[in-house]
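Read through the structure below, which is laid out as structure tokens, and then see the notes.
The sequence lines fix the lettering, A, B, ..., with proteins before strands; numbering per chain opens at 1.
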There are 2 protein chains.
Amino acid sequence: MFDVKSAISMLKGKGYRITPQRVAVLRVLHNNTEHPTAEEIHRKTMKLQSNVSIATVYNVLEMLEKEGFIVVLQTPDGTRRYDPNTELHAHFVCERCNRIFDVELSQNLSKGLLFFVPEDSSEVKQINISFFGICKRCAQQQTS
Amino acid sequence: MFDVKSAISMLKGKGYRITPQRVAVLRVLHNNTEHPTAEEIHRKTMKLQSNVSIATVYNVLEMLEKEGFIVVLQTPDGTRRYDPNTELHAHFVCERCNRIFDVELSQNLSKGLLFFVPEDSSEVKQINISFFGICKRCAQQQTS
DNA sequence: CTGTCTGCAAACCATTTGCAATCGT
DNA sequence: ACGATTGCAAATGGTTTGCAGACAG
């Protein structure tokens, strides 16, 4: 998980301009374990910085992913969610409410997985492990 | 991997009508390891059955997923791809050309993964393991 | 100052939807 | 015959784009 101050100085070092919009998105994502959508990030960012457009949120998210500060998750409903935790871990994805929960993996299993990285591909940049099902909260509600 | 004839009889047993469109989509997906998009499936299906609309392809795919004959994969570019191989296996996803390649996992690792299925969620219906990177073919081409 | 970054609003495009006509059973 | 299924064409909605103005360095 990045630290806001050091993330800012790293971005500055790479030549990026430090705009209030970028800082606000960084602050929203910092320590965020909710796997928010772009729209949710936009809503929260506007509370810190009223003049932020959704287009800018997408711009900043794309930049943060490119620079390795966040990872992007595709959900079954076709939307994307953003995760500042870039360590190898798994997700449980609720197919009803589309929320995502973190699932910790053991060191052993993580290393075991890397063993299967296909060698004929140049480089594996990311690994995604997802369990799909219905979360506890949705399971308790009637199945309409 | 389903067999076309037994898939048809299973669907018939469940009360589904056996339309030429459904048979054609089943035939396109049978033994298909290309992880095609809906549009690719539509194109190939039309070669077997000229009167198939893209809406019907989506209908049939949704039904086949619901009945457990195929699994749906989300790609980084936001489109969906369809896989008739419902056994637990991993994928290598090329972030440049968006093609998907199968990666076999050992029995041991598969079982190890199941160990991490979160117990406080009612039921895990599917597990997805994906490696992201650049495939050999794309890596050989110049990086524009 | 200068070129990057932003906000706006339109464009994009995979997927979904509504409905009348068709066709499997 | 009857209701499930289809094709059509429009709608949907998350994401992207083009561009003029704003602003960080």
- Starting at NE2 of H42(B) and ending at C1' of dA14(C), how long is that distance when rounded to a whole Å? 14 Å
- Calculate the interatomic distance between I8(A) atom CD1 and dC5(C) atom P; express it in whole Å. 15 Å
- Assign each of E39(B) and I18(B) to its nearest nucleotide of DNA chain C by heavy atoms, then name whichever residue's nucleotide is nearer the 5' end. E39(B)
- Query: Within the structure, does a side-chain N or O atom of R80(B) lie under 4.0 Å from either OP1 or OP2 of dT16(C)?
  - Reply: yes
- Message: Tell me the interatomic distance from L11(A), atom CG, to dG25(D), atom P, rounded to whole angstroms.
- Response: 11 Å
- Item | Steps toward side-chain hydrogen bond (donor to acceptor under 3.5 Å, both in side chains) verdict (D102(A), H35(A)) | CA-CA 9 Å; D102(A) 284 327; H35(A) 311 85; 2.9 Å; yes
- Item | Those residues of residues 68-79 of chain A lying under 4.0 Å from DNA chain C by at least one heavy atom | none
- Per-nucleotide protein contact along nucleotides 1-12 of chain D, 5' to 3', at a 4.0 Å heavy-atom cut-off (B base, S sugar-phosphate only, - neither), is --BBSBBB----
- CE (M63(B)) and CZ (R22(B)) are apart, to the nearest 0.5 Å, by 4.0 Å
- Please state how far atom CE in M46(A) lies from atom P in dT6(C), giving the value in whole angstrom units. 15 Å
- Query: Would L11(B) and L29(B) show up in the same hydrophobic cluster when neighbours are defined by side-chain heavy atoms closer than 4.5 Å?
  - Reply: yes
- Query: Would you find a donor on one side and an acceptor on the other, under 3.5 Å apart, between the side chain of R81(A) and the backbone of T75(A)?
  - Reply: no
- Item | For atom CG of L61(A) and atom P of dG14(D), their distance in whole Å | 15 Å
- When you match K12(B) and A38(B) each to their closest nucleotide on DNA chain C, which lands nearer the 5' end? A38(B)
- Out of curiosity, does L73(B) fall in the hydrophobic cluster containing F132(B) (side-chain heavy atoms, cut-off under 4.5 Å, transitive links)? yes
- Task: Determine yes or no for a side-chain-to-main-chain donor-acceptor pair under 3.5 angstrom, with E65(B) supplying the side chain and E62(B) the backbone.
- Result: no
- Between CD of E40(A) and P of dG13(D) the distance, given in whole Å, is 16 Å
- Exercise: identify the closest heavy-atom pair between N32(A) and K44(A): ND2-NZ, 4.4 Å
- Message: Using modelled atom types and a 3.5 Å cut-off, is there a donor and acceptor pairing between side-chain atoms of E95(A) and backbone atoms of I134(A)?
- Response: no
- T45(A) side chain to I41(A) backbone, donor-acceptor under 3.5 Å: yes
- Query: Does a nitrogen or oxygen in the side chain of Y58(B) sit under 4.0 Å from OP1 or OP2 of dT16(C)?
  - Reply: no
